[in-house]
Every structure is written in C-alpha cells, then in structure tokens.
2 protein chains.
Amino acid sequence: MAMRVKEVADLVGISVRTLHHYDEIGLLTPDETTESGYRLYSDNNLQMLQQILFFKELGFPLKKIKDIIKSPSFDQQEALELHRKMLLEKRHRLNKMIATVDKTIQHSKGEIQMTSKEKFEGFDFSHNPYEQEARQRWGDDAVDNANTKLGNMSKAEQEAMSEEMSAIYTKLAALRHESPASEESQAAINDWYDFLNKMGHYSLDAFKGLGQLYVDDKRFTKNIDGFGEGLAEFLRDAMAIYADKKRK
Amino acid sequence: MAMRVKEVADLVGISVRTLHHYDEIGLLTPDETTESGYRLYSDNNLQMLQQILFFKELGFPLKKIKDIIKSPSFDQQEALELHRKMLLEKRHRLNKMIATVDKTIQHSKGEIQMTSKEKFEGFDFSHNPYEQEARQRWGDDAVDNANTKLGNMSKAEQEAMSEEMSAIYTKLAALRHESPASEESQAAINDWYDFLNKMGHYSLDAFKGLGQLYVDDKRFTKNIDGFGEGLAEFLRDAMAIYADKKRK
DNA sequence: AATTGACTCTCACGTTACGTGATGCTTTAT
DNA sequence: ATAAAGCATCACGTAACGTGAGAGTCAATT
C-alpha cells in the first residue's frame with residue numbers, strides 16, 4: 001500500500017513541496033523509490049508523518065523533531081501519550097487566551113478594569129513550553145552529543161576521544177579552583193565555546209543556559225565532575241561570565 | 001505611560017527584535033520616539049499589539065495582519081468578538097486532534113481499527129480556516145485595491161484611472177462572447193495577470209481563485225459586470241484556463 | 001502505437017519572520 | 001565621573017517552505 005506524493009499530500013493536507021523538503025532534510029524518508037525516482041510512502045511512513053505533524057503543531061522546529069524521532073529512546077507509544085498531554089496543555093493555554101479576550105471585551109465596555117499585563121495573559125512566546133518535557137524524554141541532541149560521549153564511553157573509548165575536547169576539559173578541571181573570571185579560565189572557556197560551535201550552533205545565551213544545565217541536571221553534573229570535583233559549578237559560572245562579557 | 005522596547009518585550013513575552021521588525025514593516029509604529037531615537041510605546045500601542053498577537057496566533061501572516069488593522073473598516077470591538085469566535089474554533093480543532101490521538105493510542109493497542117485518513121483527522125494545513133471570515137469582515141487588500149477602484153470611483157475618477165487597467169477590462173468585455181480559451185481571450189487575460197502582479201504578488205493559484213471570487217461574491221460580480229453583462233463569469237473561466245495552461 | 005493530460009522529479013530563486021552579533025550612542029544608578 | 005544596562009541601526013544568516021522552470025514518467029484514451 002504505497003502512496004505517491006500527491007496522494008499523501010491530499011490525504012494529510014500538506015503540500016508536495018513539504019514532503020520533498022522533509023525527504024531532503026532526512027526527516028521523512030519514503031520507504032521506497034521507483035526506478036524513475038518516484039517516492040513511495042508506506043503505512044509506517046504515514047505513521048511517522050503523524051508524529052512529525054504533532055510535534056510541528058506544538059511548535060517544534062523540524063531539526064528538533066528529527067532529533068527526537070531518530071533518538072534511540074524514541075518510542076511511538078510513549079510519544080502518543082506525551083502528545084496527548086501536550087495537546088491538553090495547549091488547550092489549557094487556549095482557554096486562558098479566550099478568558100483574556102472575554103476580559104478585554106468587558107474592559108472595552110467599561111465594565112471592569114484591566115492592567116496591561118492582564119491583557120497579555122496567555123500570550124507567552126518566549127519559549128516553547130513543551131521543550132523541557134521533550135528534552136527529558138528524548139534528550140537534547142547537542143547536549144547529549146557532548147555528554148553522551150562523556151557518560152557512555154568506556155575507558156578505552158574515552159581515550160580515543162577527540163584530543164581537543166579532552167584537553168579542554170582537563171585544562172578546565174585544573175583551573176576550577178581559580179576565579180571563573182580569570183584570564184586563563186576565560187581563555188579555556190573560549191576554547192570550549194569554539195569547540196561546541198564546531199558541533200552545532202550555540203548562541204551566547206544558549207551557551208550560558210548550557211552551563212546552568214550542567215548544574216541543574218544531575219546526569220550532567222555527574223559526568224562533568226568526573227573530571228574534577230566541583231567542575232560543573234565552575235563551568236556554570238565561567239560560562240555565564242564569558243557569555244555576558246562577550247556580548248558587550 | 002510610555003514604555004521602551006525591553007519593558008514591552010518582557011511584559012508581552014516577545015523579543016525586542018520582533019518589536020523592531022514590526023516597526024520596520026509599519027505594523028506597529030510607536031506613538032513617540034525620543035530625540036535619541038528610542039521608541040516609546042503607548043497604551044494604545046499595547047492594545048494594538050494585543051490584536052496583532054491574536055491574529056498571529058491564528059496563523060495570519062504579518063502582511064495580512066497589517067492590511068486588516070489598517071483597514072478603514074477595522075473596529076477593535078468587532079475584532080475582539082471575532083477573535084473570541086476564532087479562538088473557540090481553534091479549540092474545537094484542538095479537541096479533534098486530541099480525539100485523534102486517543103483513537104491512535106487505542107489503535108496502537110489493537111483495540112480499534114483506524115484508516116490512514118482517520119489518523120490525520122483534525123490536521124488540515126491546506127489553508128488558514130479563519131481567513132475567509134477575516135476577508136468578509138475586512139476585505140482582501142489585493143482584491144479590494146482592484147475593485148475598490150472600480151466601485152468607489154466617481155465617473156471622473158474612473159476616467160482618471162490607469163489607462164492600462166481600463167483598456168484591459170474593456171478588451172475583456174469585448175471578448176466575453178467568445179471562447180474563454182481563445183488566443184485573443186488568453187492574451188487579454190495575460191495582460192490582466194501581469195497588471196495584477198504589478199500591484200501585488202499573485203500566484204497562478206491565487207489568480208485562479210480570484211476569478212472564482214469574482215463570481216462568488218456579489219459585490220465583485222456587480223462591479224465587473226458593469227463593464228459588460230456576464231463578464232465576471234467569462235473572467236472566471238478564462239482565468240482558470242490561463243492558470244492551468246500556464247502551469248504546464 | 002500515439003497522444004494527451006496528470007503526475008513526478010530536481011533545480012533554484014524568492015519570501016517571511018525574525019535571530020544574532022557588531023558597533024556606537026544614551027540612560028541610569030552608584 | 002564611571003560603569004553597566006539599555007537602545008539604536010546595520011546586515012548577514014536561518015528555517016520552512018512557495019513558486020516556477022524544464023524535463024521525464026505514468027495512465028487513460030483514441
């Protein structure tokens with residue numbers, strides 16, 4: 001039961017171009033391709049497309065969606081349960097917006113008072129509220145890349161690890177008793193920032209947030225402090241200072 | 001009670017860059033600017049920002065939002081009522097998606113059967129479902145540009161109208177008893193297509209849809225048939241043929 | 001078998017809505 | 001006066017497709 005692009009597109013209500021795009025970026029690869037190059041989508045492809053569209057509806061960028069569904073720990077049953085939960089949360093947020101409209105209508109009729117803050121109740125676009133939970137379930141690719149290597153590697157594998165990364169961590173561990181703002185510490189942090197940006201894109205804000213995550217999340221703290229007791233806290237401070245200083 | 005960009009951004013949960021962008025495109029212009037160039041947003045600006053964010057939440061592109069709120073017939077009270085209605089509809093759609101997830105969960109447990117079509121119930125991204133109603137309320141800028149000129153102009157104004165547009169319509173009126181597929185008709189339609197694309201961007205699909213709108217909406221039919229009885233239907237057919245042919 | 005229209009492919013430029021960093025001026029609190 | 005926070009403009013970059021071009025493929029009809 002293979003379907004070609006138009007049939008899928010019409011069934012689902014998306015464009016053929018979207019399906020092309022998803023194939024190009026490796027998000028949804030059709031199970032088959034004809035000799036003439038036609039894409040053939042299977043039932044399983046459709047199932048996966050549903051998952052993709054769920055995550056998309058919840059505001060996830062495609063790259064992130066790809067990371068999630070390609071994650072070894074991704075489980076469709078679990079995803080469906082999480083989707084349900086997230087959709088309920090989204091409905092809750094929508095209810096708040098409706099309540100805000102109702103209050104605004106009353107306000108405009110002079111029936112109630114309303115602060116500027118209240119007028120935006122239910123509007124919070126500063127971050128994707130579902131991202132934290134998705135990360136807990138399926139990890140964070142960039143973070144996991146950096147730390148999976150630390151946590152999952154045998155001693156032999158760790159030795160085979162990038163010398164640069166190892167050198168950076170070792171140097172930082174040696175510096176952890178000094179001030180996180182010292183020139184030496186900041187130079188080493190700069191190396192770490194550059195290294196991370198070779199693996200993926202890190203803004204200064206993301207870098208700073210990552211430092212905080214090293215302390216907040218026990219699995220990260222444990223891995224990092226393996227290089228030296230208290231290194232995670234040192235990194236958090238040094239990375240925050242680095243990001244703030246570099247932003248000026 | 002003027003607020004600068006950061007205060008507004010923090011209050012609302014959007015970025016300063018977004019406010020800059022909205023100012024640049026003329027969507028939300030601060031009521032005041034200091035001598036040093038700082039933007040100062042008034043209560044009224046905040047009120048309008050709320051409207052903007054409502055429409056944005058409903059999936060409207062910024063250009064369209066701008067068209068709507070700058071429309072002479074735009075009324076805030078009316079907008080709030082419409083927002084409420086649209087948010088309720090959106091919630092309804094969300095309910096359908098939640099039901100779909102529930103069914104998918106049951107399906108994955110083997111409790112029920114489910115068609116591929118059913119798996120995408122509630123997912124319809126093929127068009128913005130709220131756009132038709134917004135258009136009814138506040139018109140369609142491109143369409144209104146073309147037809148406001150036709151309907152609202154006095155005789156003297158019509159004579160002052162672009163000669164090109166007038167010539168096109170007159171030629172099309174003369175051709176309306178011929179086949180919409182004839183070379184002459186198609187050449188005149190090509191002129192009309194080019195002319196419209198000087199005023200704004202029209203894809204072939206949009207062009208074809210516009211032709212349909214000429215027949216579906218009485219105010220358009222009336223204006224167009226003023227050039228010649230039955231011209232609106234002729235245009236619909238000729239424009240559809242043109243779009244389909246040009247697409248090959 | 002030929003034809004035609006629908007479908008499909010890749011290519012590639014364009015659009016939309018910002019994110020991000022750089023540079024330099026302005027404001028505010030100490 | 002100073003330092004930090006805030007603000008401006010500039011401009012390149014990103015994400016997610018939309019759109020049209022040109023050419024090959026498929027399926028139904030003649």
Side-chain angles (χ1 to χ4, degrees), chain A residues 2-10 14-28 30 32-41 52-53 55-57 59-66 125-128 193 197 200-208 241 243-248, chain B residues 2-10 14-28 30 32-41 52-53 55-57 59-66 125-128 193 197 200-208 241 243-248:
Chain A
M3 297 164 77
R4 294 195 305 219
V5 283
K6 186 169 194 296
E7 196 177 353
V8 175
D10 288 344
I14 58 176
S15 67
V16 167
R17 179 75 183 89
T18 300
L19 291 169
H20 286 177
H21 183 63
Y22 290 176
D23 187 10
E24 282 161 26
I25 64 174
L27 178 59
L28 183 67
E32 266 186 270
T33 313
T34 67
E35 288 199 357
S36 39
Y38 285 22
R39 296 170 174 81
L40 298 179
Y41 293 89
I52 289 164
L53 294 178
F55 280 112
K56 190 181 170 192
E57 177 72 18
F60 286 84
L62 297 186
K63 186 175 185 302
K64 188 70 189 175
I65 294 172
K66 182 183 170 187
F125 305 103
S126 57
H127 63 279
N128 183 347
Y193 179 71
N197 272 290
H201 177 68
Y202 269 84
S203 67
L204 290 168
D205 276 344
F207 187 63
K208 185 175 176 180
I241 290 163
D244 291 342
K245 201 173 257 186
K246 199 161 161 43
R247 196 181 285 120
K248 297 182 183 182
Chain B
M3 298 165 74
R4 294 196 305 224
V5 284
K6 188 170 192 293
E7 195 178 351
V8 175
D10 288 344
I14 57 176
S15 67
V16 166
R17 179 76 184 90
T18 301
L19 291 169
H20 285 176
H21 183 65
Y22 290 175
D23 188 10
E24 282 160 28
I25 64 174
L27 178 59
L28 183 67
E32 265 185 275
T33 313
T34 68
E35 289 198 0
S36 38
Y38 285 20
R39 295 169 175 84
L40 298 179
Y41 291 90
I52 289 165
L53 294 179
F55 281 112
K56 190 180 170 192
E57 176 72 18
F60 285 84
L62 296 187
K63 185 177 187 301
K64 189 68 188 172
I65 294 173
K66 182 182 169 187
F125 305 102
S126 55
H127 63 279
N128 184 345
Y193 179 72
N197 272 290
H201 177 68
Y202 270 84
S203 67
L204 290 167
D205 276 344
F207 189 62
K208 184 176 177 181
I241 290 163
D244 291 343
K245 200 173 256 185
K246 201 163 156 49
R247 195 180 289 122
K248 298 182 184 182

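Quick note: numbers below take in every heavy atom, side chains included, and nothing from hydrogens, waters or symmetry partners. Letters go in sequence order (proteins before strands), and every chain restarts at 1.
- Rounding to whole angstrom units, NE2 of residue A:His21 and C1' of C:dT15 are separated by 14 Å.
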Nucleotide N/O to protein N/O under 3.5 Å, stretch nucleotides 10-13 of chain C:
residue : atom : partner : partner atom : Å
C:dT10  : OP2  : A:Arg39 : NH1          : 3.2
C:dT10  : OP2  : A:Arg39 : NH2          : 2.9

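- Dashed line: the shortest gap from a side-chain N or O of A:Lys56 to OP1 or OP2 of D:dC17 is under 4.0 Å.
- B:Thr33 places no side-chain N or O within donor-acceptor distance of the main-chain N or O of B:Gly37, the cut-off being under 3.5 Å.
- Side-chain contact between B:Met3 and B:Leu40: absent, with no pair of heavy atoms (C-beta onward) separated by less than 4.5 Å.
- Between A:Lys6 atom NZ and C:dC7 atom P there is a gap of 4 Å when expressed in whole angstrom units.
- Out of D:dC7, C:dC9, D:dA16, the shortest distance to the side chain of A:Val5 is found at C:dC9.
- A close approach under 4.0 Å does occur between a side-chain nitrogen or oxygen of B:Ser15 and OP1 or OP2 of C:dG19.
- Between A:Leu19 atom CG and D:dG18 atom P the separation is 11 Å, expressed in whole Å.
- Remark: P of C:dA17 and CG of B:Leu28 are 15 Å apart, rounded to the nearest angstrom.
- Atom NZ in B:Lys66 sits about 17 Å away from atom C1' in C:dC18, given to the nearest Å.
- A donor-acceptor distance shorter than 3.5 angstrom exists from the side chain of B:Lys66 to the backbone of B:Ile25, with no hydrogens or angles considered.
- Phosphate proximity of D:dA16 to A:Tyr22: absent, as no side-chain N or O sits under 4.0 Å from OP1 or OP2.
- For B:Glu35, there are no side chain to side chain contact (heavy atoms under 4.5 Å, CB included) partners two or more places apart in sequence or in a different chain.
- If you find the closest nucleotide of DNA chain D to A:Thr34 and to A:Thr18, the one lying nearer the 5' end belongs to A:Thr18.
- Computed from coordinates, the B:Glu35 CD to C:dC25 P distance equals 17 Å when rounded to whole Å.
- What separates CD of A:Glu7 from P of D:dC26 is a distance of 16 Å, to the nearest Å.
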For this session: Dump the intermediate steps for salt bridge (charged side-chain N to carboxylate O under 4.0 Å, His left out) on A:Arg17 and A:Glu24, then the final yes or no.
Result: CA-CA 10 Å; A:Arg17 179 75 183 89; A:Glu24 282 161 26; 3.6 Å; yes
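- The nucleotide whose nearest atom lies closest to any side-chain atom of B:Leu62 is, among C:dC7, C:dA17, C:dG19, C:dA17.
- B:Leu62 is not listed as a side-chain neighbour of B:Phe55, based on a closest heavy-atom distance of 4.5 Å or more.
- Computed from coordinates, the A:Met3 CE to C:dT8 P distance equals 11 Å when rounded to whole Å.
- DNA chain D is contacted by both A:Arg4 and B:Tyr38; B:Tyr38 maps to the nucleotide lying nearer its 5′ end (nearest heavy atom per residue).
- Every residue meeting the side chain to side chain contact (heavy atoms under 4.5 Å, CB included) condition with B:Asp23, not counting sequence neighbours, appears here in chain and number order: B:Thr29, B:Pro30, B:Arg39.
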